[in-house]
2 protein chains.
Amino acid sequence: MGKAEDTKARLERAALTLFVARGVAETTTKEIAMAASVAEGTIYRYFPSKEQLALDLFLRHHQGLAGALAEAQRPAMGLRAKIEAIVRCYCEWADRDWTLFAYHLLNQHSFLIEVPDDMANPVTVVRDVISQAMKADEIPRRNVDLVAASAIGVVMQSATYKVYGRFTGDLSDHVRFFADAAWAVLSVKEK
Amino acid sequence: MGKAEDTKARLERAALTLFVARGVAETTTKEIAMAASVAEGTIYRYFPSKEQLALDLFLRHHQGLAGALAEAQRPAMGLRAKIEAIVRCYCEWADRDWTLFAYHLLNQHSFLIEVPDDMANPVTVVRDVISQAMKADEIPRRNVDLVAASAIGVVMQSATYKVYGRFTGDLSDHVRFFADAAWAVLSVKEK
DNA sequence: CATTTATAAGTGAGCGGTCACTCAATTTCA
DNA sequence: TGAAATTGAGTGACCGCTCACTTATAAATG
């Protein structure tokens, strides 16, 4: 790794850690620089603004995750298998870089509006899989967005509670349960 | 309503609306005052700081919701009925004052650490109900926090997506589905 | 090789501007 | 008329960002 790339990476990691610990608005450029062991001005050799740095970090993970989920579900046959593939991939991403994952989770509100409509999107991947399964009558036909939200919530709320420290350990340890639970949500019979 | 109480209520409502629309850190005291049609200084007659105003709003809803959920589930017999009572109560609170609800939902991260341990807590209510049901062998025994998170996620993620505008309409219209889905999550068989 | 030249990377004091908060003066109203 | 409520210009702290300058690295030259 070149020296410049190393500096940039150190800045990103420092920013990420502080953003998760104290929030984006509450983190100063001076703090980021200190944590990365560079001068404040150096930040601006690599990023046009603090806001852009924050957005870069978010979008990179957002797109990466969306691509990975799309790849993961593709080879799986049938909704049940696709769900498990998606859940496994999601949990692995979370466990691999928990700080980045937590940052993405905690800052959706701020950045999601800045995501272009045509950009790969984790939610869309899930939504499409569910939509297909409804068309194929694998599960009852319902409001896709509502059902997708509920299924996604099974995993995402658990991840959120891990951020809060309400429980510990790898998310990947519970892939089977998450997949079963999400499947159960999607399969709820109409009355 | 006395004049002073009216002013305080207007300030709270103005702050709430702005906090939801633009975020707490991004909202200035000048904006709050303007939206409430008072001078900036008036804020400080009723609140010691902007931060305390934000915390007050959060805690009032947090405690109110916790109390309401505890009340709602008490008379219901059996886990299935308790879940439905909790879900219904939660959705009604959301629909009754959506701005306040959205504020609470979007700012958990910032304020949850400031909630005293002994304070009534919406999550604890749900957790305890599930814990009881496990003891009574109504549902499989599992990691309570994990299962509670997943069940709660069914409803909360849907609420979150409503905040994002991914779908519209009252949450209360879907109480039955949420209850069924949460129940399904809790009932997932161990393999 | 040594030496000059060119470019990239890093620095930190300081600037312009914002913002939460204060307070002396003014208005409201019982 | 006196206490309570309100006002808004003013204050000081802070913060993102700039920029003139230094230092490290690489390229060119003879």
Side-chain angles (χ1 to χ4, degrees), chain A residues 1-60 99 103 106-107 109-111 113-114, chain B residues 1-60 99-100 103-104 106-107 109-111 113-114:
Chain A
M1 196 191 288
K3 195 181 166 196
E5 277 154 23
D6 172 68
T7 304
K8 185 171 186 184
R10 282 215 321 283
L11 275 169
E12 285 178 340
R13 185 49 55 173
L16 197 60
T17 311
L18 286 164
F19 287 167
V20 169
R22 320 214 304 108
V24 174
E26 292 74 15
T27 300
T28 68
T29 49
K30 189 160 272 169
E31 284 175 316
I32 297 170
M34 272 186 51
S37 306
V38 296
E40 208 179 344
T42 304
I43 294 173
Y44 296 89
R45 294 247 170 242
Y46 298 96
F47 305 95
S49 70
K50 173 184 143 183
E51 206 48 47
Q52 190 63 46
L53 160 57
L55 184 59
D56 278 5
L57 287 169
F58 182 87
L59 286 185
R60 192 183 319 154
T99 310
Y103 173 68
L106 295 175
N107 293 279
H109 325 333
S110 345
F111 295 123
I113 37 167
E114 311 219 34
Chain B
M1 192 189 292
K3 194 180 166 195
E5 277 154 22
D6 172 67
T7 303
K8 186 172 184 182
R10 282 215 321 283
L11 275 169
E12 285 177 341
R13 184 50 54 175
L16 197 59
T17 310
L18 286 163
F19 287 168
V20 169
R22 320 215 304 109
V24 175
E26 292 75 14
T27 300
T28 69
T29 49
K30 187 159 275 171
E31 285 175 316
I32 297 170
M34 271 186 49
S37 306
V38 297
E40 211 178 342
T42 305
I43 295 173
Y44 295 89
R45 170 155 300 275
Y46 299 97
F47 305 95
S49 70
K50 173 185 144 183
E51 206 49 47
Q52 190 63 46
L53 161 57
L55 184 59
D56 278 4
L57 287 169
F58 182 87
L59 286 185
R60 190 183 321 153
T99 311
L100 182 56
Y103 173 68
H104 183 256
L106 295 175
N107 292 281
H109 325 336
S110 343
F111 295 123
I113 37 169
E114 311 218 36

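Keep in mind that what you see is a predicted model, and the values were worked out from it rather than measured. Throughout, a chain's letter reflects where its sequence line sits, starting with A, and its residues are numbered from 1.
- When the side-chain nitrogen and oxygen atoms of B:Thr7 are compared with OP1 and OP2 of D:dT6, one or more of them lie within a distance under 4.0 Å.
- Evaluated for a side-chain contact (heavy atoms from CB on, under 4.5 Å) with A:Leu11, the options A:Leu53, A:Val38, A:Leu16 yield exactly one hit, A:Val38.
- The CD1 atom of A:Ile43 sits 13 Å away from the P atom of D:dC15 (whole-angstrom rounding).
- A:Glu26 meets the side-chain hydrogen bond (donor to acceptor under 3.5 Å, both in side chains) test with no other residue; sequence neighbours excluded.
- Note: CZ (A:Phe47) to P (D:dG16) measures 15 Å, nearest angstrom.
- Atom CZ in B:Arg45 sits roughly 15 Å away from atom P in D:dG8 (whole-Å rounding).
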Please list, pair by pair, any protein nitrogen or oxygen found under 3.5 Å from a nitrogen or oxygen in nucleotides 18-21 of chain C.
unit_1	atom_1	unit_2	atom_2	d
C:dA20	OP1	B:Thr27	O	3.3
C:dA20	OP1	B:Lys50	NZ	2.8
C:dA20	OP2	B:Thr29	N	2.7
C:dA20	OP2	B:Thr29	OG1	3.0
C:dC21	OP2	B:Tyr44	OH	2.8
C:dC21	OP2	B:Lys50	N	2.9
C:dC21	N4	B:Glu40	OE1	3.2
C:dC21	N4	B:Glu40	OE2	3.0

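- Contacts classified as side chain to side chain donor-acceptor pair (under 3.5 Å) and involving residues 8-19 of chain A (residues at least two apart or in different chains) are given here: A:Asp6-A:Arg10, A:Glu12-A:Arg60, A:Arg13-A:Asp97.
- Shown here are the side chain to side chain contact (heavy atoms under 4.5 Å, CB included) partners of A:Ala21, two or more places apart in sequence or in another chain: there are none.
- Pairs passing the salt bridge (Lys or Arg N to Asp or Glu O under 4.0 Å) check and including a residue from residues 30-51 of chain B, sequence neighbours excluded, read B:Arg22-B:Glu31.
- Remark: B:Val20 engages B:Thr99, B:Ala102, B:Tyr103 in a side chain to side chain contact (heavy atoms under 4.5 Å, CB included) (not counting sequence neighbours).
- Following rounding to the nearest Å, A:Glu5 (CD) and C:dG10 (P) show an atom-to-atom distance of 11 Å.
- Put simply, CG on A:Asp6 is 17 Å from P on D:dA24, counting in whole angstrom units.
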